[in-house]
Every structure is written in C-alpha cells, then in structure tokens.
*Asks:* 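Quick one: this structure, given as structure tokens, is what I'll be asking you about.
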Amino acid sequence: MNLIFLGPPGAGKGTQAKILEERFGYRQISTGDILRANVREGTPLGVEAKGYMDRGALVPDDVIIRMIEPEVDAPGALIFDGFPRTVPQAQALDALLLGKKKSSVAILFEVDNAVLLDRLTGRWTHLPSGRTYHVRHNPPQHDLLDDVTGEPLVQRPDDKEETVRTRLAVYDEQTAPLIGYYDNPDDPRLVRVDGLAPIAAVTEQLVKLVHDGGFAEHRAPAP
Ligand code: AMP
C-alpha cells in the first residue's frame with residue numbers, strides 16, 4: 001500500500017514519513033527534499049525551481065511530474081510527502097500508479113492553521129537528510145546540531161514568516177482541493193489523522209491504520 005501524505009506545510013508529514021521509513025522500511029519520496037538537493041547542487045532543475053521555492057510558490061506541474069516519474073518505479077511501499085500538491089499532479093500520479101498496478105491511499109494530517117506558523121517559523125532542518133527539529137517542541141540534543149550526524153542545522157529560507165504565510169495561502173488555494181479529490185464518494189480513499197497530537201501519538205495512529213487494516217475500506221482496488 002502506497003501512502004500519500006496530504007496536509008499543509010508544518011503538519012508533520014515529513015517527520016512521520018521519516019519515522020515510518022526507519023521503523024517499517026517505507027521509502028519516503030519528498031518532492032521538497034528532491035528540489036532542495038537540486039538547488040544545492042545547482043542543477044538546471046534546481047536553478048529553475050529556486051525562484052518559486054524562495055517565494056513560497058509552487059514549482060510548475062510539468063516540472064514536478066517529470067521529476068517524480070522515475071521515483072514511482074522504486075520497489076516496496078512508498079510514502080509521497082508533499083506530492084501531489086495540485087489536482088493535475090494527483091491525476092498524473094494516479095495514471096503512473098495505475099500503469100504499475102500500484103494502489104494508494106491518502107492520509108490527511110488535520111491541523112489548526114494557527115499552530116502552523118509557530119511550527120514552521122521555529123523549524124530547523126538538517127538539509128542533507130531532511131530531518132527537522134523545532135526549537136521548542138522537538139529540540140535537538142545539542143543546540144542547532146543534527147542528532148545523528150552532529151552537522152549544523154539551518155533554517156530553510158522559506159520558513160521565514162512572510163514566506164510561510166504565502167505557503168499556507170498557496171496550500172488553501174491549490175492543494176486543499178485534493179481533499180475532495182481523494183474523498184470522492186465514488187472512490188473514497190482518504191483517511192484523516194489528528195496532526196495536532198504529539199509526534200508519538202500521530203505515529204501510533206498511522207501504525208494502527210497500516211497494520212490493523214484500517215485502510216481496508218478505503219483502499220482503491222488495484223486494477
Ligand atoms: P516542502 O518541503 O514540501 O514544503 O516544499 C518546499 C517547496 O518546494 C514548496 O514551497 C514548493 O515551492 C516546492 N515544492 C515541493 N513539492 C512540490 C510539488 N509537489 N509541487 C510544486 N511545488 C513543490
């Protein structure tokens with residue numbers, strides 16, 4: 001079963017994807033992490049994407065869809081984190097998964113918009129791995145250093161307050177319509193989790209859904 005993590009920036013998608021990856025062998029596919037790696041390496045894709053990312057806008061669909069195509073071939077169960085973000089991206093992903101006879105279920109991380117600003121502006125990231133911390137709610141063991149590698153953490157340029165506000169507005173306008181796309185009465189495949197619960201409690205909700213077959217009634221049948 002492939003999982004699509006849906007929810008606004010700061011809802012905890014990346015944190016939970018990393019936990020499920022380490023504990024259960026899922027493979028996290030984060031379009032944000034792939035784009036940031038391209039920006040760091042100065043690839044043509046990175047150069048094209050940087051302007052959109054720095055101002056909190058979405059990178060154009062055709063660029064993202066081209067980028068995701070080879071990732072869908074990876075073996076094992078996948079977690080799509082931060083993708084799809086628009087209805088055309090969701091349609092493209094469905095077509096790709098259908099072609100590979102893979103099914104998917106979407107998990108909506110429900111959060112109160114007021115907490116997102118606090119979460120994102122307090123977030124520090126280990127760029128090479130994508131691991132994130134929060135200065136107050138999930139601090140690293142040593143100030144501003146990654147727990148695993150000891151390397152320095154940085155604040156993502158797009159986690160500055162003004163850009164965060166833009167990203168939240170972009171989510172409401174362009175990504176929130178995906179809730180209806182996956183909650184379609186003809187083919188319901190959306191499950192909601194409480195993204196405001198503590199990190200371990202959210203993981204527990206996800207593990208229950210995955211292991212206790214909580215997805216059975218939501219699962220889109222493989223064709
Ligand atoms: P994220 O780390 O998921 O918050 O993504 C950071 C930024 O990368 C976003 O604000 C967008 O500019 C860009 N981005 C990531 N994923 C996508 C996507 N699926 N579609 C369009 N832009 C994306």
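Every number for a ligand or one of its atoms is a count from 1 in the order of the listing. Only a predicted model underlies this, so the values are computations on that prediction, with no experimental measurement involved.
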*Asks:* Is there side-chain contact between Leu206 and Leu3, with heavy atoms separated by less than 4.5 Å?
*Replies:*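 No, every pair of side-chain atoms sits at 4.5 Å or beyond.
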
*Asks:* Could you tell me, atom by atom, which parts of ligand 1 come under 4.0 Å of a heavy atom of Asp158?
*Replies:*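 Counting from 1, the qualifying ligand atoms are 6 (C).
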
*Asks:* Where does the angle between the aromatic ring planes of His137 and His134 fall among parallel (under 30°), tilted (30 to 60°) and perpendicular (over 60°)?
*Replies:*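 Parallel.
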
*Asks:* Thr43 vs Asn38, test: side chain to side chain donor-acceptor pair (under 3.5 Å). Steps then yes/no.
*Replies:* CA-CA 5 Å; Thr43 67; Asn38 276 277; 2.7 Å; yes

*Asks:* Which pair of non-hydrogen atoms, one from Val202 and one from Phe109, has the smallest distance, and what is that distance?
*Replies:*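 Distance-wise, the nearest heavy atoms are CG1-CE2, 4.1 Å.
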
*Asks:* What protein heavy atom sits nearest atom 14 (N) of ligand 1, and how far off is it?
*Replies:*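 Ranking protein heavy atoms by distance from atom 14 (N) of ligand 1, first comes Leu35 CD1, 3.4 Å.
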
*Asks:* Look at Arg136 together with Asp118 and state whether they make a salt bridge at an N to O cut-off of under 4.0 Å.
*Replies:*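 Asp118 and Arg136: salt-bridged.
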
*Asks:* So is Lys13 in contact with ligand 1, going by heavy-atom distances below 4.0 Å?
*Replies:*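 Contact check Lys13 vs ligand 1: negative.
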
*Asks:* Of the options Leu168, Asp159, Asp158, Val170, which is the one that meets Pro9 in a side-chain contact (heavy atoms from CB on, under 4.5 Å)?
*Replies:*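 So the option named by the test is Leu168.
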
*Asks:* Under a 4.0 angstrom heavy-atom cut-off, which atoms of ligand 1 come close to Gly82?
*Replies:*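 Selected atoms, number and element: 16 (N), 17 (C), 18 (C), 19 (N).
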
*Asks:* What atoms in ligand 1 come closer than 4.0 Å to a heavy atom of Arg156?
*Replies:*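 Selected atoms, number and element: 1 (P), 2 (O), 4 (O), 6 (C).
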
*Asks:* Hey, looking at atom 5 (O) of ligand 1, which of Arg85, Met53, Arg167 has the closest heavy atom?
*Replies:*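 Ranked by closest heavy atom to atom 5 (O) of ligand 1, first place is Arg85.
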
*Asks:* Name the residue from Thr125, Thr15, Asp146 that meets the side-chain hydrogen bond (donor to acceptor under 3.5 Å, both in side chains) definition with Arg131.
*Replies:*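 Between Arg131 and the candidates, side-chain hydrogen bond (donor to acceptor under 3.5 Å, both in side chains) is satisfied uniquely by Asp146.
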
*Asks:* Between Val59 and ligand 1, which residue portion shows a heavy-atom distance shorter than 4.0 Å: side chain, backbone, both, or neither?
*Replies:*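 Answer for Val59: both.
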
*Asks:* Would you compute the distance between atom CD of Gln16 and atom CG of Asp81 and round it to the nearest 0.5 angstrom?
*Replies:*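 Reported to 0.5 Å precision, the distance equals 10.5 Å.
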
*Asks:* Determine whether the side chain, the backbone, both or neither of Leu58 has a heavy atom under 4.0 Å from any heavy atom of ligand 1.
*Replies:*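 Both of them.
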
*Asks:* Which of the atoms in ligand 1, numbered in the order shown and given with their element, are less than 4.0 Å from a heavy-atom of Gln89?
*Replies:*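 Taking each heavy atom of Gln89 in turn, ligand 1 has 18 (C), 19 (N), 20 (N), 21 (C) under 4.0 Å.
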
*Asks:* Classify the contact between Lys50 and ligand 1 as side chain, backbone, both or neither, using a heavy-atom distance cut-off of under 4.0 Å.
*Replies:*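 Under 4.0 Å from ligand 1, Lys50 contributes no heavy atoms.
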
*Asks:* Test of understanding: given a 4.0 Å heavy-atom threshold, classify the contact between Val170 and ligand 1 as side chain, backbone, both, or neither.
*Replies:*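 Neither; nothing of Val170 gets under 4.0 Å from ligand 1.
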
*Asks:* Taking the minimum heavy-atom distance to atom 11 (C) of ligand 1, which of Gly51, Gly32, Ala57 ranks first?
*Replies:*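 Looking at heavy atoms only, the winner is Ala57.
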
*Asks:* Quick one: which of Gln91, Arg66, Arg85, Gln89 gives a side-chain hydrogen bond (donor to acceptor under 3.5 Å, both in side chains) with Asp61?
*Replies:*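 Going through Gln91, Arg66, Arg85, Gln89 one by one, the side-chain hydrogen bond (donor to acceptor under 3.5 Å, both in side chains) with Asp61 is satisfied by Gln89 alone.
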
*Asks:* Got the closest protein heavy atom to atom 16 (N) of ligand 1, with its distance?
*Replies:*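 Protein heavy atom with the smallest distance to atom 16 (N) of ligand 1: Thr31 OG1, 2.8 Å.
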
